[in-house]
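See below for the structure under consideration.
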Amino acid sequence: DRPARGRFDVSQCFFTLPTFARSISLEVTRRDATRPDAASPREHWRELFHESDEPAGEAEETEEGSGSPLAVDGIGDEAFWSGNGFVGALYVLKGDAYLRLSIGGSEDDSVKLRKSKTLAGKALKRL
C-alpha cells in the first residue's frame, strides 16, 4: 500500500497473524522520487528525534502517550523505541529512509523490542 503522505513516499504493510492482537505493522518512509524537490526523510528524522523544543535529550512524542524515545543500539544508522506499555514501535534510520515497525500483543516491551530489531534487520536488507 502506498498512501499519500505529502512530502514522502510511504509504503505500509500490515501482517495479520492468527491472533489478530499480535499482528505486525511496517511502514517505510522514503524520498518521493517523482518530485525533484522532495523532502529528505533523514531531515524529517532529525526533526522527530533531535530538534525539539523540549529540554535537551527529549524528542517529540512518537507514540501516543509515550515519553522520550529510547535510543536503540545495533540496528541501522540510528534507532529509537517509543512506547507506553500498550503500544510501541521501533523506528530505524538507514541512509535516506526510515522504517517504523510495531508488533502487537501483551508481551513486555523488552520482548517486543527484541523481536522488532530482528524483523527490522531483515527489512533493512531489502531497502
Side-chain angles (χ1 to χ4, degrees):
D1 185 18
R2 291 185 173 258
R5 288 284 168 94
R7 307 181 307 166
F8 305 108
D9 179 13
V10 178
S11 300
Q12 293 177 320
C13 292
F14 185 79
F15 302 94
T16 305
L17 297 181
T19 303
F20 184 78
R22 298 175 60 92
S23 296
I24 300 165
S25 171
L26 173 66
E27 182 174 290
V28 179
T29 302
R30 300 180 197 186
R31 185 182 297 265
D32 184 349
T34 66
R35 296 177 43 197
D37 63 336
S40 165
R42 186 174 275 273
E43 280 298 316
H44 186 247
W45 178 273
R46 248 179 248 140
E47 291 169 12
L48 286 173
F49 295 106
H50 298 292
E51 294 178 6
S52 176
D53 293 331
E54 300 295 326
E58 292 188 29
E60 170 182 322
E61 289 186 14
T62 49
E63 296 297 319
E64 187 175 327
S66 66
S68 297
L70 172 68
V72 177
D73 293 328
I75 187 94
D77 298 340
E78 185 176 43
F80 290 94
W81 173 261
S82 180
N84 64 11
F86 298 104
V87 64
L90 178 64
Y91 293 79
V92 183
L93 176 68
K94 180 73 174 183
D96 198 21
Y98 64 88
L99 61 85
R100 177 191 176 278
L101 185 72
S102 179
I103 297 177
S106 59
E107 296 171 314
D108 184 76
D109 274 358
S110 63
V111 174
K112 288 182 184 179
L113 175 56
R114 182 179 44 80
K115 289 180 177 181
S116 295
K117 281 180 70 172
T118 299
L119 291 172
K122 293 175 186 289
L124 290 174
K125 291 178 183 177
R126 303 188 72 154
L127 278 183

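As the structure is a computational prediction, the values presented were derived from the model and not from experiment. Along the sequence shown, residues are numbered consecutively beginning with 1.
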W45 side, atom CH2; F80 side, atom CZ - distance, nearest 0.5 Å: 6.0 Å
Side-chain donor/acceptor of R31 to backbone N/O of A97, under 3.5 Å: no
Test item: K115 and I24 side chains (from C-beta on) under 4.5 Å apart, heavy atoms: no
Validation row: P69, F49 side chains within 4.5 angstrom (heavy atoms): yes
Side chain proximity check, V72 to K117, heavy atoms < 4.5 angstrom: yes
Side-chain touch L119/I103, heavy atoms, less than 4.5 angstrom: yes
Spatial distance of atom CG (L124) from atom NZ (K94) [nearest 0.5 Å]: 6.5 Å
Validation row: F8, D32 side chains within 4.5 angstrom (heavy atoms): no
Minimal non-hydrogen separation, P41 against A39, with atom names: CD-O, 3.4 Å
Contact check, side chains of L101 and V92, non-hydrogen atoms, under 4.5 Å: no
Rounded distance [0.5 Å steps], CG in D96 versus NE2 in H44: 12.5 Å
Heavy-atom neighbours of D108 CG exceed 12 at 6.0 Å: yes
Linked, directly or transitively: F15 and L127 (ILVMFWY side chains, under 4.5 Å): yes
Reported OG1-to-CZ distance for the pair T16 and R22, which is rounded to 0.5 angstrom: 14.0 Å
Minimal non-hydrogen separation, F14 against S23, with atom names: CZ-CB, 3.4 Å
Shortest non-hydrogen separation from E107 to K112 and the atoms involved: O-CE, 3.4 Å
Nearest-0.5 Å distance, OG of residue S82 to CZ of residue R100: 8.5 Å
Spacing of OG1 belonging to T29 relative to OH belonging to Y91, to within rounding of 0.5 Å: 9.5 Å
Considering all heavy atoms, the nearest L90-A120 contact: CD2-CB, 4.0 Å
Minimum heavy-atom distance between S116 and W81, given as atom pair plus value: OG-CZ3, 3.9 Å
